[in-house]
Amino acid sequence: QVRLVESGGGSVQPGGSLRLSCAASGHTFSTDAMAWFRQTLGNSREVVAAINWNGDSTCYAAFVKRRFTISKDNAKNTVYLELNSLEPQDTALYYCAERAARTLSIYAGDYNYWGQGTHVTVSS
């Protein structure tokens, strides 16, 4: 059974930082691409960042503007999302997703497994 467990969300002030983690089990994490998506109430899920199986290829949404960094530790079966210079518009439920393929994708439909999400709230 594949399981993805996100952690690290919370409430921060504008300009603050958070580090999200996603611990994976039950599949071949070391050969899978991973991604972070986010969703706000009434909106569809959107990609934030994606990374290929060995971490040498990454892709970010335009709104990231070099504020976030995705990384993957195959030894720990964990993917991270470093969030810096957070803005109120970044408030959302952040999900991690795993794709049973080596290449990354920006499309939610290409991911096979999903976590339950972790909340990020940015407010003064």
Side-chain angles (χ1 to χ4, degrees):
Q1 180 181 357
V2 178
R3 190 165 183 235
L4 301 176
V5 180
E6 300 98 334
S7 61
S11 295
V12 296
Q13 294 187 338
S17 298
L18 286 172
R19 189 191 196 203
L20 307 184
S21 299
C22 172
S25 61
H27 201 261
T28 51
F29 180 85
S30 62
T31 56
D32 288 351
M34 301 292 295
W36 287 93
F37 288 78
R38 71 183 189 184
Q39 188 170 21
T40 55
L41 194 62
N43 294 310
S44 58
R45 202 168 291 189
E46 61 179 355
V47 68
V48 178
I51 189 166
N52 73 333
W53 70 284
N54 65 357
D56 68 0
S57 180
T58 58
C59 182
Y60 295 91
F63 62 77
V64 168
K65 299 176 185 176
R66 300 185 179 182
R67 300 178 297 132
F68 304 167
T69 303
I70 189 171
S71 60
K72 187 174 186 270
D73 188 336
N74 285 339
K76 296 182 178 180
N77 280 12
T78 302
V79 63
Y80 304 96
L81 185 67
E82 191 82 30
L83 307 172
N84 297 307
S85 302
L86 282 162
E87 303 168 350
Q89 306 92 289
D90 295 317
T91 295
L93 183 61
Y94 284 72
Y95 296 91
C96 103
E98 185 169 357
R99 183 181 191 213
R102 293 176 184 253
T103 55
L104 63 83
S105 172
I106 62 171
Y107 302 107
D110 287 341
Y111 287 83
N112 304 93
Y113 310 107
W114 293 82
Q116 294 299 306
T118 184
H119 286 279
V120 171
T121 302
V122 185
S123 173
S124 55

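Keep in mind that what you see is a predicted model, and the values were worked out from it rather than measured.
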Within-4.5 Å side-chain heavy-atom neighbours: [X] and [Y]:
{"X": "Glu98", "Y": "Val79", "result": "no"}
{"X": "Thr91", "Y": "Ser123", "result": "no"}
{"X": "Val2", "Y": "Asn112", "result": "no"}
{"X": "Ile70", "Y": "Phe68", "result": "no"}

> In a check of side-chain contact (heavy atoms from CB on, under 4.5 Å) between Arg38 and each of Asp90, Val120, Asn43, which one passes?
Replying inline: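 Exactly one option meets the side-chain contact (heavy atoms from CB on, under 4.5 Å) with Arg38, and it is Asp90.
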
Are [X] and [Y] joined in one hydrophobic group, where the rule is that I, L, V, M, F, W and Y side chains link up if heavy atoms are under 4.5 Å apart?
{"X": "Leu93", "Y": "Val122", "answer": "no"}
{"X": "Ile106", "Y": "Tyr95", "answer": "yes"}
{"X": "Leu83", "Y": "Tyr80", "answer": "no"}
{"X": "Phe63", "Y": "Trp36", "answer": "yes"}
{"X": "Met34", "Y": "Val47", "answer": "no"}

> Heavy-atom count around Arg102 CZ within 6.0 Å, excluding the residue itself: above 12?
Replying inline: yes

>> Other residues, nucleotides and ligands only: do more than 12 of their heavy atoms fall within 6.0 Å of CD on Gln116?
In response: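 At most 12 heavy atoms, drawn from other residues, nucleotides or ligands, come within 6.0 Å of this atom.
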
So, taking the atom named [atom1] in [X] and the one named [atom2] in [Y], what distance separates them when rounded to the nearest 0.5 Å?
{"X": "Leu20", "Y": "Thr78", "atom1": "CG", "atom2": "OG1", "answer": "12.5 Å"}
{"X": "Asn77", "Y": "Thr28", "atom1": "CG", "atom2": "OG1", "answer": "9.5 Å"}
{"X": "Cys22", "Y": "Phe29", "atom1": "SG", "atom2": "CZ", "answer": "7.0 Å"}

Polar side-chain atom of [X] near backbone of [Y] as donor-acceptor pair, under 3.5 Å:
{"X": "Glu6", "Y": "Gly117", "value": "yes"}
{"X": "Asp110", "Y": "Ser105", "value": "no"}
{"X": "Thr58", "Y": "Ile51", "value": "no"}
{"X": "Lys72", "Y": "Asn52", "value": "no"}

>> Does either side chain, that of Arg99 or that of Tyr111, offer a donor lying less than 3.5 Å from an acceptor on the other one?
In response: no

> Hey, what's the ring geometry for Trp114 with Phe37, parallel, tilted or perpendicular (30° and 60° as the breaks)?
Replying inline: tilted

>> Check the orientation of Tyr113 and His27. Use parallel for under 30°, tilted for 30 to 60°, and perpendicular for over 60°.
In response: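 Correct class here is tilted.
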
>> Ignoring hydrogens, what is the shortest heavy-atom contact between Thr69 and Tyr60? Give both atom names and the distance.
In response: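 For Thr69 and Tyr60, the tightest heavy-atom pair comes out as CA-OH, 3.4 Å.
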
In residues 11-19, what donor-acceptor pairs under 3.5 Å come from side-chain atoms, sequence neighbours left out?
from	atom 1	to	atom 2	distance (Å)
Ser17	OG	Asn84	OD1	2.9

